[in-house]
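One structure is given below, encoded as C-alpha cells.
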Amino acid sequence: QVQLVESGGGLVQAGGSLRLSCAASGSISSINAMDWFLQAQGKERELVATSTSDGRTNYADSVKGRFTVSRDMAKNTVYLQMNSLKPEDTAVYYCHADVILYGSIWTYAYWGQGTQVTVSS
C-alpha cells in the first residue's frame with residue numbers, strides 16, 4: 001500500500017558529501033515522522049535523524065553538525081544531507097516513515113529498501 005524509495009547512496013572519499021532522498025507513495029493520508037536509520041555490517045540498526053510533521057528535527061550525537069534532515073511535505077519526501085563524511089559513516093541507510101493510510105486512524109510503519117553509503121579513507 002505504501003512504498004518508500006531511497007536514492008543517492010554511493011562511494012565517496014572521507015570529507016566528502018552525499019545527499020540521500022526517500023520518496024513515499026501509495027495510499028497516504030498523512031505522514032507523521034520520517035526518519036533515517038543506518039546499519040553497519042554486523043551491527044544493529046540505529047537511528048540517525050528524525051523529521052516530524054511539525055518541523056522538529058533530532059539527530060544522533062555522532063552526526064550532529066554534519067548531517068541535516070529536511071522534508072518536502074507536499075512530495076512526501078525526506079532528504080538527508082551528509083557532509084564531512086567519515087569512514088565510520090559507512091553503512092546501509094534506511095528510510096522509515098510513520099504513515100496514516102486513507103480511511104484509517106492508525107499509524108503504520110514502513111521501511112525503504114536501503115541504500116549503501118561507503119566512505120573511503
Hey, is CD on Q113 packed in by over 12 heavy atoms from elsewhere, all under 6.0 Å?
-> yes
Could you tell me whether the side chain of T107 reaches within less than 4.5 Å of the side chain of N32, counting heavy atoms only?
-> yes
Euclidean distance, T50 OG1 relative to R56 CZ, rounded to 0.5 Å = 9.5 Å
Exercise: identify the closest heavy-atom pair between V48 and V63 = O-CG2, 3.7 Å
Taking all atoms of both residues into account, what is the closest heavy-atom pair of P87 and A14, and its distance?
-> CD-CB, 4.1 Å
Check M34 against C22 and note the closest heavy-atom contact, atom names and distance.
-> CE-O, 4.2 Å
Atom CD of Q116 and atom CG of L38: how far apart are they, to the nearest 0.5 Å?
-> 10.5 Å
State, yes or no, whether a side-chain contact exists between Y108 and L101 at a heavy-atom distance under 4.5 Å.
-> yes
Report yes if some heavy atom in the side chain of Q81 is under 4.5 Å from a heavy atom in the side chain of F67; otherwise report no.
-> no
Has the side chain of T52 got a donor or acceptor atom that lies under 3.5 Å from a matching backbone atom of A33?
-> no
Cationic tip of R45 above Y94 ring, under 6.0 Å, 45° of axis = yes
Given the options T68, N58, D35, V69, S51 meets side-chain contact (heavy atoms from CB on, under 4.5 Å) only with V69
Side chains of V12 and T118: closer than 4.5 Å at any heavy-atom pair?
-> no
At what distance, to the nearest 0.5 angstrom, does OH of Y59 lie from NZ of K64?
-> 10.5 Å
Crowding at CD, E88 (>12 non-hydrogen neighbours, <6.0 Å) = yes
Over all atoms of both residues, closest heavy-atom pair of R71 and I31 | NH2-O, 2.9 Å
Nearest heavy-atom contact between L47 and W36 is CD1-O, 3.6 Å
Pick out which of V92, L18, L80 makes a side-chain contact (heavy atoms from CB on, under 4.5 Å) with V117.
-> L18
Sub-4.5 Å side-chain heavy-atom contact between Y93 and M82 | yes
Should V99 and W106 be regarded as members of a common hydrophobic cluster, given that ILVMFWY residues are connected when their side-chain heavy atoms come within less than 4.5 Å of each other, either directly or indirectly?
-> yes
Approximate separation, where rounding is to 0.5 Å, of S21 OG and Y79 OH | 5.5 Å
Distance only, no hydrogens: is a donor on one side chain within 3.5 Å (strictly under) of an acceptor on the other, for N83 and S17?
-> yes
Got a donor-acceptor contact below 3.5 angstrom from the E6 side chain to the C95 backbone?
-> yes
Taking all non-hydrogen atoms of both residues, which atom of K75 and which atom of T77 are closest, and how far apart?
-> O-OG1, 2.9 Å
Does a salt bridge link D89 with K86, judged by any charged N lying under 4.0 Å from a carboxylate O?
-> no
Indicate if L4 and Y102 have the same hydrophobic cluster label, given that clusters are the connected sets of ILVMFWY residues with side-chain heavy-atom separations under 4.5 angstrom.
-> no
